Amino acid sequence: MCPKFIDPSRRGAPDRIVMLPGHPSYFVELKRQRLGHLKSWQARYHDDIRSAGQRVWVLKGDADVNAFFIEIDLCH
């Protein structure tokens, strides 16, 4: 599952929560390859998630998506 993540209490939430069998939940922000960058409120939200001991990935393009799958050991 990869539902859109919306936090009605504040802006800056990552775009998706990736949920896979046998894995923790992954927070993923998707950006355009050359044009996309984090806004300050997104960076603060991501910092808060990391402060809670979770990980957040910012993915720009196919290469980042492939690297994400390799990092979470989805591709052997």
Side-chain angles (χ1 to χ4, degrees):
M1 292 181 61
C2 190
K4 177 139 181 73
F5 179 39
I6 299 172
D7 182 346
S9 67
R10 63 188 271 208
R11 65 184 187 170
D15 294 315
R16 301 286 172 171
I17 300 175
V18 178
M19 295 177 281
L20 302 164
H23 288 260
S25 294
Y26 302 108
F27 296 91
V28 175
E29 180 75 38
L30 303 169
K31 293 293 181 187
R32 290 184 175 185
Q33 192 155 5
R34 283 183 219 105
L35 303 174
H37 62 279
L38 286 180
K39 305 284 193 267
S40 60
W41 56 84
Q42 290 174 309
R44 280 192 301 274
Y45 199 113
H46 294 186
D47 288 343
D48 290 346
I49 291 172
R50 290 181 183 111
S51 293
Q54 304 302 308
R55 294 188 64 189
V56 182
W57 284 263
V58 178
L59 307 180
K60 297 180 180 183
D62 293 342
D64 283 357
V65 171
N66 291 335
F68 167 72
F69 288 142
I70 290 168
E71 185 174 347
I72 66 169
D73 200 29
L74 198 58
C75 298
H76 302 253

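All values derive from a computational prediction rather than experimental measurement.
- Atom CG of N66 sits about 13.0 Å away from atom CD of E71, to the nearest 0.5 Å.
- A heavy-atom distance below 4.5 Å is found between the side chains of D48 and R10.
- A single hydrophobic cluster is seen to contain both I17 and M1, as judged by linkage of ILVMFWY side chains at heavy-atom distances under 4.5 Å, directly or through other members.
- Using a 4.5 Å cut-off between side-chain heavy atoms of Ile, Leu, Val, Met, Phe, Trp and Tyr, L38 falls into a hydrophobic cluster with V58.
- Between the side chain of D7 and the main chain of A13, no donor-acceptor pair closer than 3.5 Å is present.
- Both V28 and I72 are members of a single hydrophobic cluster when ILVMFWY side chains are connected at heavy-atom separations under 4.5 Å.
- Two residues are said to be in side-chain contact when any heavy atoms from C-beta on lie closer than 4.5 Å; P3 and M19 meet this criterion.
- Under the side-chain contact (heavy atoms from CB on, under 4.5 Å) criterion, D62 pairs with no residue, sequence neighbours left out.
- In this structure, the separation between NZ on K31 and NZ on K39 is 5.5 Å, given to the nearest 0.5 Å.
- A salt bridge links R50 with D47: the distance from a Lys NZ or Arg NE/NH1/NH2 to an Asp or Glu carboxylate oxygen falls below 4.0 Å.
- V18 is not listed as a side-chain neighbour of W57, based on a closest heavy-atom distance of 4.5 Å or more.
- Taking both residues in full, the closest heavy atoms of Y45 and R11 are given as CD1-O, 3.7 Å, listed atom of the first, atom of the second, then distance.
- The line from CZ of R34 to NZ of K60 is 11.5 Å long, rounded to the nearest 0.5 Å.
- H23 is linked by a ring-ring contact (aromatic ring centres under 6.0 Å, His included) to Y26, counting only residues two or more places apart in sequence or in another chain.
- Between D15 and K4 the shortest side-chain heavy-atom distance falls below 4.5 Å.
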